Each structure stands twice: as structure tokens, then as C-alpha cells.
Participant: 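This is the structure, below, for whatever I ask next.
We use all heavy atoms of the structure for the numbers below, so side chains are in, but hydrogens, waters and symmetry mates are not. Ligands are counted one by one from 1 in listed order, and the atoms in each one are counted from 1 as well. The structure presented is a predicted model; accordingly, all values stated were derived computationally and were not measured.
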Amino acid sequence: MKISTKLIHSAGEKFDRTGAISTPIYLSATYAHEKLGESRGFDYSRLENPTRMALENTMAALEGGVKSYAFSSGMAATACLFETLKSGDHIISSHDIYGGTRRFFDSILTKRNIAVSYVDTSDLEAIKSAVRHNTKIIFIETPSNPMMIVSDVAKIAPIAKKSGAKLVVDNTFLTPYFMRPLELGADVVMHSATKYLGGHNDCMGGVLTFKCAGFADEIGEIYKSAGGCLSAFDSWLILRGIKTLGIRMDKISLNAMKIAGWLKSCKFITKVNYVGLGEHPQYEVSKAQASGFGGMISFEVADEKMVPKILENVKIIYFAESLGGVESLITYPLVQTHAAVPEEDLNHLGINKKLMRLSVGIEDADDLIADLAQAMEG
Ligand SMILES: *Cc1c(COP(=O)(O)O)cnc(C)c1O
């Protein structure tokens with residue numbers, strides 16, 4: 001079955017006898033037992049809920065994994081994953097990464113005496129030399145946020161395997177519609193379902209999907225104990241979002257390509273980071289491992305005075321954090337999404353006073369371009 005069909009039909013068996021096409025929203029916190037020691041497969045909704053299970057089955061099918069767990073946010077998913085580590089362990093992370101993930105690593109993992117090495121994960125030699133005897137997880141985000149650096153999943157997988165570490169890929173930006181990291185050799189895929197999977201800026205969620213049952217079971221124990229589970233209603237919203245993921249991603253990518261081209265020719269813009277541009281340093285890697293380029297663009301304005309002007313003058317595009325919805329959003333990483341990153345790392349990465357980030361939505365591309373143009377001129 002092709003991915004477009006899977007998006008519609010992966011929720012698994014129908015749960016009720018009415019033949020309902022839409023998965024019912026099961027608001028039950030608990031479930032009645034027939035006999036002592038015999039449940040109907042559901043005991044308590046922190047552990048399993050039929051609506052959430054439909055979402056988890058869908059995600060496992062889409063990513064090609066054996067099992068998924070759905071969490072109340074992307075960060076809840078990431079936090080649960082790192083509960084598998086113990087004091088003295090070490091991880092490697094992409095140096096350019098979602099600001100909240102960076103904050104979690106710096107403020108929570110380090111307190112638990114877990115060391116983090118930030119590495120340019122587009123550089124295989126840099127990863128190899130960062131590996132230690134106690135490296136347990138290599139965590140990559142590709143394309144990265146906000147610099148759009150692409151890491152080669154299939155080439156990193158053997159490095160992780162050789163060092164006995166699990167390779168985890170944050171696939172939020174591309175979604176399984178464009179890239180399936182487990183097929184490329186990753187062990188775990190992480191999603192902020194708040195973004196493209198939900199797709200409408202109306203709910204939050206996170207998903208972990210596993211290639212092997214062993215690691216999935218280990219997470220399952222933590223999942224049921226730590227309680228970061230996704231509600232039935234939000235599970236349903238994300239399931240509903242996933243049905244249109246393909247057409248949204250196609251339209252978003254077309255729009256993003258057009259806007260990136262326009263930004264390149266715009267006199268107020270000095271630099272454009274978009275993985276679909278031929279001059280992107282990892283363009284060939286992107287083309288080889290993903291079937292689309294997605295909707296995230298970052299760019300530098302010629303003069304930092306342009307930043308407030310653009311943010312305050314856009315009329316169609318919203319000045320807001322987050323990404324991945326049908327509405328286009330623009331943000332200023334330095335003071336918003338990446339405020340938690342230390343200054344020297346920001347400078348090194350190029351997250352500077354002139355850098356802006358655009359999450360392209362499904363509006364008409366020409367209207368979005370006109371909106372940016374009037375905001376810059378205005
Ligand atoms: C938003 C985001 C997260 C965190 O997810 P939440 O749902 O906001 O907790 C993680 N990674 C990436 C790439 C994100 O964009």
C-alpha cells in the first residue's frame with residue numbers, strides 16, 4: 001500500500017459495530033472487566049485508550065515501526081525517551097536543534113549527570129569522533145531547526161550501531177509522508193504531532209515510533225508509569241489531521257519552493273536556507289533520503305531593523321511561534337524558539353539578529369509573497 005492510502009486507512013480495526021468511518025472518541029478513563037484477571041484489552045486510559053491506540057497504530061504503519069506511543073506533547077515524548085538513560089551516560093545531539101529540546105538536554109539531562117555533546121551531525125567524522133564508550137543515544141533533527149542542516153540518516157545509522165547507541169530521528173519537519181527514518185536505519189522516530197501531523201494549530205501531541213519491540217517495551221513501562229499520555233480528543237484531532245497530511249505537505253512544499261525562490265531574488269534578503277534549493281549544502285542528501293523538501297525556510301534580512309517591520313506588518317502570515325499548520329507563521333528564532341541556546345552557540349550556528357523563520361502554510365503562494373513584499377516595503 002502506498003503512503004497516500006496508508007494515511008487514510010491505517011487506524012486499524014474498526015472499534016464499534018456501527019461501521020463508523022471516523023474513529024470514535026473514547027472518553028472513558030476506565031474499562032469494565034468481564035472476569036477476574038480477564039480484561040477486554042483495556043484497563044485504564046493512561047495505559048491504553050482505543051482512540052489513542054488508533055493513532056499509535058496509524059503512526060507505526062506510516063513510519064514502518066513495530067509500535068508507537070502517543071504523548072501529550074513532543075517534549076513529553078522526548079522526555080520519556082531519555083528516561084531510559086542513567087547517571088553517567090552520554091548522548092550526542094545535532095548542534096542545531098529545536099530550542100525546547102536543547103533546553104531539556106541542558107537543564108534536565110545535565111542535572112541527572114547525563115553528558116551531551118552537540119555536534120554538526122551533517123559531518124559524519126564529527127559524529128564518529130564524538131562517540132564515547134558510554135554513548136547511548138544519537139539524537140538528530142533533520143532538517144534542523146532553524147538552520148535547515150540535513151543529516152544523512154543512512155550513513156549515521158551504522159555509526160550508531162557500531163558504538164552501541166540508539167539512533168533517534170526527530171522527523172517533525174518532513175513527516176513520514178516525505179521521509180521514513182526507520183527504513184533508513186534509525187531505531188526510533190520522534191514527532192511533535194503538534195506540527196504537521198495535527199496540521200491545524202489546534203492541538204498538541206508527540207509520538208515515538210520504534211523499529212524493535214525490545215526498546216518499545218522498555219518505553220512502554222515508562223509510558224505507563226510516568227503518565228505523559230495523549231488525551232482521546234487530541235488523539236482524534238491528530239488522526240483527523242493525518243488524513244490530509246499528504247495533500248497538505250504537497251501544497252506546502254510547492255508554496256515553500258516558490259517563496260524560497262522569491263526570497264533569493266529579493267533585495268532585502270541576503271541569505272535563504274531551504275533544503276529544496278539546489279545550492280543547499282546537503283541538497284543531494286535530502287533528495288536521496290526524502291521524497292519532498294517540506295515547508296520550513298529561514299532567511300537573513302539585510303538589516304536587522306527589517307525584523308520588527310516584517311513581524312509587525314505581515315497581514316496574512318501570523319507572527320507566532322510553532323510551525324506545520326495550514327496557516328503560515330513567521331517567527332524570530334533568536335528571541336523566541338531559540339532563546340534558551342547559549343550565545344556562543346547561537347553565533348556559531350548563525351542564529352543571529354537578522355535571521356527569521358517562516359513556516360509555510362497552504363494559502364496561495366502569490367498571496368504569501370505579496371504579503372512578505374508589502375511588509376518589507378511598508
Ligand atoms: C515543536 C517541536 C518539538 C517539541 O514539540 P511540542 O509538541 O511543542 O512539545 C520538537 N521538535 C521539533 C522539531 C519541533 O518543531
Participant: Give a yes or no on whether the backbone of Val153 and the side-chain of Ser151 come within a donor-acceptor separation of less than 3.5 Å.
Facilitator: no

Participant: Is atom NZ of Lys243 surrounded by more than 12 heavy atoms (other residues, nucleotides or ligands) closer than 6.0 Å?
Facilitator: yes

Participant: Looking at Phe268, I want to see if its CZ is surrounded by more than 12 non-hydrogen atoms of other residues, nucleotides or ligands under 6.0 Å.
Facilitator: yes

Participant: Would you mind reporting whether Tyr118 and Ser94 have side-chain heavy atoms less than 4.5 Å apart?
Facilitator: no

Participant: Taking Trp236 for its side chain and Thr23 for its backbone only, find out whether a donor-acceptor pair lies under 3.5 Å.
Facilitator: yes

Participant: In a simple table, one pair per line, please give the protein and ligand 1 atom names for every N or O pair closer than 3.5 Å, along with the distance.
Facilitator:
| unit_1 | atom_1 | unit_2 | atom_2 | d |
| --- | --- | --- | --- | --- |
| ligand 1 | 5 (O) | Ser192 | OG | 3.0 |
| ligand 1 | 7 (O) | Gly74 | N | 2.9 |
| ligand 1 | 7 (O) | Ser192 | OG | 2.8 |
| ligand 1 | 7 (O) | Thr194 | OG1 | 2.7 |
| ligand 1 | 9 (O) | Gly74 | N | 3.0 |
| ligand 1 | 9 (O) | Met75 | N | 2.8 |
| ligand 1 | 11 (N) | Asp170 | OD2 | 2.7 |
| ligand 1 | 15 (O) | Lys195 | NZ | 2.7 |

Participant: Only counting residues at least two apart or in another chain, list the ones meeting ring pair (Phe, Tyr, Trp, His ring centres under 6.0 Å) with Phe104.
Facilitator: none

